[in-house]
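Down below is the structure, laid out as structure tokens.
Numbers restart at 1 for each chain; the letters A, B, ... are given by sequence-line order, proteins then strands. Every heavy atom of this structure was used, including side-chain atoms; hydrogens, water molecules and symmetry mates were not.
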There are 2 protein chains.
Amino acid sequence: MAPNDAVLAPFRKQGHDHGKCVRDALTAAEQVCAREGASLTPLRRRVLELVWGAHAPVRAYDLLDTLRGERRRAAPPTIYRALDFLLSVRLIHRIESLNAFVGCADPKHSHGGQFLICDGCGAVAELDDPTIARRVADRARALGFTPRRQTIEISGRCPDCAADG
Amino acid sequence: MAPNDAVLAPFRKQGHDHGKCVRDALTAAEQVCAREGASLTPLRRRVLELVWGAHAPVRAYDLLDTLRGERRRAAPPTIYRALDFLLSVRLIHRIESLNAFVGCADPKHSHGGQFLICDGCGAVAELDDPTIARRVADRARALGFTPRRQTIEISGRCPDCAADG
DNA sequence: CTGTTTATGTTATATTATAACAATCTCTGT
DNA sequence: ACAGAGATTGTTATAATATAACATAAACAG
Ligand SMILES: [Zn+2]
Ligand SMILES: [Zn+2]
Ligand SMILES: [Zn+2]
Ligand SMILES: [Zn+2]
């Protein structure tokens, strides 16, 4: 398996076992929370599972609609609080340019991810190129700025969608 | 004047002539629009001027409030259409992580800017480091992705605010 | 237990953005 | 000047995203 394969999984409509993606993500989540003493309640766990449901960014109110099917009293704060928790332990990322959320591909290591967002199919792949992150941070510091968080989002066309229209 | 001076102007509360910033921005805007055959109407020009009012990102509804003082019938579409126009000719940028807008420091050259956003004072400085932009684009292309637009936003503390709390 | 913290429920509202259609302005060709 | 076409702005309504504020209920430590 080429090293790019994991990164590009979201762009492969067929040929990746997404059930396994989700199971692995939940397992990793348990470990991360245990390590940090954070409490992954059933609600938070379920929201994380829903975020992972597609290999694509999900909007808060879509999560809410789904959750309402199984938990009558879900309201906007229900979802936003769960999302805030998941963000705080870095199990998910927020895609600023889409107002949407996506599961973190590598929650065990701290990082400000870089995201490739396909205009065609909506899929998002998460890179983690330390060279880019470091270069950006260095450039900021060279100007006397103290960086805290990076948001790097690249819109364009994934391999499949570039081939089509 | 050191080369960083222009970039850091937004972080210097004193000692930069902001009136000149605005006048220069409007002059450049006229030129850009003339060159592209775009029509910088009084309304659009005024909204651009308001965006430049502070050297900081401005939210759409704040612009709307201001505009209403001088144009009774301003409504959300008034502002959003003007902003869409200004974005389309790249006279302003949208800061995704703030849902806010900021004047482009260099509208004569096409670029996906990189933004340093101060948590303390709210000021935003625009970099344009081609090395970063190229590296990001190259990395995307190496994965078969065709990049169209980059969003790069760095939150942190500007020199002044890092010195304080 | 009992108070304290954490998590969730509940209602209401704030903030950001767009849809849809009407009116007006601008420009062009005659 | 006039008609028609396209661009711009006005107007009303509503969609989409997010948070405030306070109530209730679990979880947990002493
Ligand atoms: Zn998957
Ligand atoms: Zn991640
Ligand atoms: Zn710019
Ligand atoms: Zn500052």
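- With sequence neighbours excluded, no residue satisfies ring pair (Phe, Tyr, Trp, His ring centres under 6.0 Å) with A/Phe101.
- A/Arg44 places a side-chain N or O within 3.5 Å of a backbone atom of A/Ser39 that can act as its donor or acceptor partner.
- First and last contacts of DNA chain D with chain A, using any nucleotide atom under 4.0 Å from a protein heavy atom and ordered 5' to 3', fall at D/dT17 to D/dA21.
- Between the axis at the start and the axis at the end of the helix from C/dC1-D/dG30 to C/dT30-D/dA1 there is an angle of 30°, using five pairs per end and rounding to 10 degrees.
- Taking B/Asp160 as the reference, B/Lys13, B/Cys158 meet the side chain to side chain contact (heavy atoms under 4.5 Å, CB included) condition, with sequence neighbours excluded.
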Show me the side-chain donor-acceptor pairs of residues 46-53 of chain B shorter than 3.5 Å, one per line, residues at least two apart or across chains.
{"from": "B/Arg46", "atom 1": "NE", "to": "B/Glu70", "atom 2": "OE2", "distance (Å)": "2.4"}
{"from": "B/Arg46", "atom 1": "NH1", "to": "B/Glu49", "atom 2": "OE1", "distance (Å)": "3.0"}
{"from": "B/Arg46", "atom 1": "NH2", "to": "B/Glu70", "atom 2": "OE1", "distance (Å)": "3.1"}
{"from": "B/Arg46", "atom 1": "NH2", "to": "B/Glu70", "atom 2": "OE2", "distance (Å)": "3.3"}

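- Residues of residues 44-65 of chain B having a heavy atom closer than 4.0 Å to DNA chain C, listed by number: B/Arg59, B/Tyr61.
- Taken together through direct or relayed side-chain contacts under 4.5 Å among Ile, Leu, Val, Met, Phe, Trp and Tyr, A/Ile117 and A/Val7 form parts of separate hydrophobic clusters.
- Within residues 91-100 of chain B, no residue has any heavy atom closer than 4.0 Å to DNA chain D.
- Between A/Glu153 and B/Gln150, the closest side-chain pair of non-hydrogen atoms is not below 4.5 Å.
- For A/Val58, the side chain to side chain contact (heavy atoms under 4.5 Å, CB included) partners two or more places apart in sequence, or in a different chain, are A/Asp62, A/Leu63.
- Side-chain nitrogen and oxygen atoms of A/Ser39 include none within less than 4.0 Å of the OP1 or OP2 phosphate oxygen of C/dT6.
- Sorted by first then second residue, the salt bridge (charged side-chain N to carboxylate O under 4.0 Å, His left out) pairs that include residues 93-102 of chain A, not counting sequence neighbours, are A/Arg94-A/Glu96, A/Glu96-A/Arg149.
- Listed by first and then second residue, the side-chain hydrogen bond (donor to acceptor under 3.5 Å, both in side chains) pairs that reach into residues 125-137 of chain B are A/Asp129-B/Arg135, A/Arg135-B/Asp129, A/Arg139-B/Asp129, B/His93-B/Glu126, B/His111-B/Glu126, B/Asp129-B/Thr131, sequence neighbours excluded.
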If you look only at distance, which donor and acceptor atoms sit under 3.5 Å apart when one is on a side chain in residues 71-92 of chain A and the other is two or more places apart or in another chain?
{"from": "A/Thr78", "atom 1": "OG1", "to": "A/Ala75", "atom 2": "N", "distance (Å)": "2.9"}
{"from": "A/Thr78", "atom 1": "OG1", "to": "A/Ala75", "atom 2": "O", "distance (Å)": "3.1"}
{"from": "A/Ser88", "atom 1": "OG", "to": "A/Phe85", "atom 2": "O", "distance (Å)": "2.6"}

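- DNA chain D is contacted by B/Arg71, B/Arg73, B/Ala75, B/Pro77, B/Thr78, B/Arg81 of residues 67-82 of chain B, taking any non-hydrogen atom closer than 4.0 Å.
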